[in-house]
Visitor: 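One structure, pasted below without further comment.
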Amino acid sequence: MIDYTEKIPNNVDLGRDRVLQRALEHWQPAYMNWWYDMGPSESHALEVYLRTATSVEPDGWAQFGYVRMPEYRWGIFLQPRDAARQVNFGVHKGQPAWQEVPGEYRSTLRRVIVTQGDTEPASVEQQRLLGMCCPSLYDLRNIFQVNVEEGRHLWAMVYLLHRYFGRDGREEAEALLERRSGDADNPRILGAFNEPTPDWLAFYMFTFFTDRDGKFQLCALAESGFDPLARTCRFMLTEEAHHMFVGETGISRILQRTCEVMQEHKVENASDVRALGVIDLQTMQKYLNFHFSVTIDLFGSDASSNAASYYTTGLKGRYEETKIDDDHMLQNAEYPVLEVSGNKIITRHVSALTALNERLRDDYIAEIQGGVDRWNKIMEQAGISFRLTLPHKGFHRAIGNFAGHFISPEGAVLTQEAWENNRDKWMPSAADQKFVQSLMTGRVIEPGKFSNWIAPPIRGVNRQPLNFEYVRFN
Ligand SMILES: [Fe+2]
Ligand SMILES: [Fe+2]
């Protein structure tokens, strides 16, 4: 069990490293200022039924109870050390995993940690207004849970910066609190984390698609030869699972509700569906197209010498690296990537090392497809023929081989004009967003009540009933 009497709960023996403890205690007030400014709007006095990480044991790692969010105990937890762990890939394969940062990889590792760390507060900033228009107390509690855990993930990365990167690390930790999502002068590092999350449909799509990018990045870093990074990321994944659950079930519940209304009133076309106060399936597809395309950009360029060197030097592995049956060096291996040639999309085989971003993106897309298949079962069971589909990988891309090309969701290479003419058919238009937001003008906070556009979940949080008071307003 973690000792919660300490100022910063941890399982890293913080009390024995005075310099580090003082650095973190210095950073903590700055973090709290950030939380008060950029954390969930008008939430500071609320009592929220939250889970708090209290140990790293697989069973019983968290406890549930009412917490005012500014009093949430953001702690530092690493998966326990395996003394026999080795570097499992690249040129250092077979050496003992590093417990300190190798000098020659210092700046690269710092960059990797900062880039991951930057996404955590960014999503809190993106979601900060959504509590004001929540569809239920259950959902309000869930978004707050996601937000406090993203805050903890920031702590996790800041711990690594303070503990292993000295003065540069401390400066980076401060800068993580200074950038702002969507800010013109000092934006967050990655594109998708500067997009607004203006409504709950966008929030569920974000937690399904973009938190899952987080999962795949964390999985790749959990393979790192730098052991403290690997162990930190392993534990973060425990929490990440809940964020993706919120996204997947949120979309399921919207689809469920829409299908119920379509069946009950025997309506099919989008405007009739909208008139009944639920979100039409065409709009669901457009949001999916948008969130999928901006999220797969996060994996980076299809051909990347950085990705190759991260791998070769043992800093960042593949998804489930140690379960893959090959030489874990990839010097002579190839991997297929797509590119545009004239008005066609062709497959080219390139060095597997430079294609590692693409490989991680493909692993991600395979998992995403599973979720979309589960969503489609809802329509199938309702006897509705509409199916959600993932757009082509090249659709609406700003990074990699498809950047600067105009690809339809079906994978046709178009002119810019033809593409722009269809844009509002493929992605949420201003009118679509306005409609979705018109359903979410106030918050629903009566215990057990849900907005008309979303079905209740199958069960409550931590076996509590659906009408449990998940947030107390007092
Ligand atoms: Fe996170
Ligand atoms: Fe997350």
Visitor: So Tyr72 and Trp35, ring pair (Phe, Tyr, Trp, His ring centres under 6.0 Å) or not? Walk me through it.
Guide: CA-CA 11 Å; Tyr72 188 80; Trp35 180 268; 8.2 Å; no
Visitor: Can you establish whether the number of heavy atoms outside Arg387 located under 6.0 Å from its atom CZ is more than 12?
Guide: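 Count over threshold, so yes.
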Visitor: Using modelled atom types and a 3.5 Å cut-off, is there a donor and acceptor pairing between side-chain atoms of Arg141 and backbone atoms of Val48?
Guide: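 Such a contact is absent between Arg141 side chain and Val48 backbone.
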Visitor: Taking the side chain as everything from C-beta on, heavy atoms only, tell me whether Ile407 gets closer than 4.5 Å to Val340.
Guide: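 Side-chain contact under 4.5 Å: yes.
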Visitor: Is Arg16 paired with Asp13 through a side-chain N to carboxylate O contact shorter than 4.0 Å?
Guide: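 Salt bridge present between Asp13 and Arg16.
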Visitor: Does atom NE2 of His44 have more than 12 heavy-atom neighbours from other groups under 6.0 Å away?
Guide: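 Buried by this count: over 12 neighbours within 6.0 Å.
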Visitor: Answer yes or no: is there a donor N or O on one side and an acceptor on the other, between the side chain of Trp200 and the main chain of Pro135, under 3.5 Å?
Guide: no
Visitor: Using modelled atom types only, decide if a donor and an acceptor are shared between the side chain of Ser136 and the backbone of Asp139 within a distance under 3.5 Å.
Guide: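 Checking the backbone N and O of Asp139 against the side chain of Ser136, a donor-acceptor pair under 3.5 Å is found.
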Visitor: The test is side-chain contact (heavy atoms from CB on, under 4.5 Å); show your working for His242 and Arg51 and say whether it passes.
Guide: CA-CA 11 Å; His242 175 255; Arg51 79 174 174 191; 3.3 Å; yes
Visitor: Decide whether a cation-pi geometry holds between Arg318 and Phe89; the criteria are a distance under 6.0 Å from NZ or CZ to the six-membered ring centre and an angle within 45° of the ring axis.
Guide: no
Visitor: Can you tell me if Asn376 and Glu380 form a side-chain donor-acceptor pair at under 3.5 Å?
Guide: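 No donor-acceptor contact under 3.5 Å links the two side chains.
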Visitor: Decide if atom CD of Glu42 counts as having more than 12 heavy atoms of other residues, nucleotides or ligands within a radius under 6.0 Å.
Guide: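 Check fails, neighbour count at 12 or below.
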Visitor: I'd like to know if the side chain of Tyr164 pairs up with that of Glu100 as donor and acceptor (distance under 3.5 Å, no hydrogens or angles considered).
Guide: no
Visitor: List the residues meeting salt bridge (Lys or Arg N to Asp or Glu O under 4.0 Å) with Arg81, not counting sequence neighbours, and say none if there are none.
Guide: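 Testing Arg81 for salt bridge (Lys or Arg N to Asp or Glu O under 4.0 Å), a comparison that skips the adjacent residues, returns none.
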Visitor: Check this for me: does any side-chain nitrogen of one of Lys393 and Glu358 sit under 4.0 Å from a carboxylate oxygen of the other?
Guide: yes
Visitor: Classify the ring geometry between Trp155 and Trp27 as parallel (under 30°), tilted (30 to 60°) or perpendicular (over 60°).
Guide: perpendicular
Visitor: Quick check: are there more than 12 heavy atoms from other residues, nucleotides or ligands sitting under 6.0 Å from CG of Asn332?
Guide: no
Visitor: Would you call Arg68 and Glu47 a salt bridge, using N to O less than 4.0 angstrom?
Guide: yes
Visitor: Under 6.0 Å from the CD1 atom of Ile346, do we count more than 12 heavy atoms belonging to anything else shown?
Guide: yes
Visitor: Just by distance, with hydrogens left out, do Glu150 and His243 show a side-chain donor and acceptor under 3.5 Å apart?
Guide: yes
Visitor: For the side chain of Gln285 and the backbone of Thr389, is there at least one donor-acceptor N/O pair under 3.5 Å apart?
Guide: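 Indeed, once roles are kept as given, a pair shorter than 3.5 Å links the two residues.
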Visitor: According to salt bridge (Lys or Arg N to Asp or Glu O under 4.0 Å), who are the partners of Asp199, at least two apart in sequence or on a separate chain?
Guide: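 Per chain and number, Asp199 pairs via salt bridge (Lys or Arg N to Asp or Glu O under 4.0 Å) with no residue.
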Visitor: Specify whether Tyr66 and Phe468 have parallel, tilted or perpendicular ring planes, treating 30° as the upper limit for parallel and 60° as the lower limit for perpendicular.
Guide: parallel
Visitor: Go through the steps for Gln21 and Asp17 under the test side chain to side chain donor-acceptor pair (under 3.5 Å), then give the verdict.
Guide: CA-CA 6 Å; Gln21 196 181 13; Asp17 187 338; over 6 Å; no
Visitor: Any ion pair linking Asp327 and Lys93 (charged N to carboxylate O, less than 4.0 Å)?
Guide: no
Visitor: Taking ring pair (Phe, Tyr, Trp, His ring centres under 6.0 Å) as the test, write out the residues that go with Tyr159, two or more places apart.
Guide: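 So Tyr159 forms no ring pair (Phe, Tyr, Trp, His ring centres under 6.0 Å) with any residue.
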Visitor: With no hydrogens and no angle check, is any side-chain donor or acceptor of Ser181 less than 3.5 Å from a backbone partner on Phe193?
Guide: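 At least one qualifying donor-acceptor pair exists.
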Visitor: So, Asn142 versus Tyr470: side-chain donor-acceptor pair below 3.5 Å or not?
Guide: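 Not at all, the side chains of Asn142 and Tyr470 share no donor-acceptor pair under 3.5 Å.
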Visitor: Kindly determine whether Glu174 and Arg170 satisfy salt bridge (charged side-chain N to carboxylate O under 4.0 Å, His left out), including the steps that lead there.
Guide: CA-CA 6 Å; Glu174 279 168 32; Arg170 290 194 292 277; over 6 Å; no
Visitor: Run the salt-bridge test on Arg152 and Glu149 with the 4.0 Å N-O cut-off and return the result as yes or no.
Guide: no
Visitor: Is there a donor-acceptor contact under 3.5 Å linking the side chains of Glu223 and Asn88?
Guide: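 Asn88 and Glu223 do not have a side-chain donor-acceptor pair below 3.5 Å.
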Visitor: Can you name the residues that form a salt bridge (Lys or Arg N to Asp or Glu O under 4.0 Å) with Arg110, not counting sequence neighbours?
Guide: Asp168, Glu172
Visitor: Would you check, one step at a time, whether the test side chain to side chain donor-acceptor pair (under 3.5 Å) holds for Asp227 with Gln99?
Guide: CA-CA 6 Å; Asp227 201 42; Gln99 300 307 322; 3.1 Å; yes
Visitor: Can a side-chain donor-acceptor contact be found between Gln217 and Asp213 if the only test is distance below 3.5 angstrom?
Guide: yes
Visitor: Test of understanding: with side-chain hydrogen bond (donor to acceptor under 3.5 Å, both in side chains), list the residues that count as partners of Arg397, not counting sequence neighbours.
Guide: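 Partners of Arg397 by the side-chain hydrogen bond (donor to acceptor under 3.5 Å, both in side chains) criterion, ordered by chain and then number, come out as Asp297.
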Visitor: Are the charged groups of Glu248 and Arg374 less than 4.0 angstrom apart, N to O?
Guide: yes
Visitor: Just to verify, what does Tyr287 make a ring pair (Phe, Tyr, Trp, His ring centres under 6.0 Å) with, not counting sequence neighbours?
Guide: none
Visitor: If we ignore angles and hydrogens, is there a donor and acceptor under 3.5 Å between the side chains of Thr295 and Thr210?
Guide: yes
Visitor: Check the angle between the aromatic planes of Tyr364 and Phe292 and answer parallel, tilted or perpendicular using the 30° and 60° thresholds.
Guide: parallel
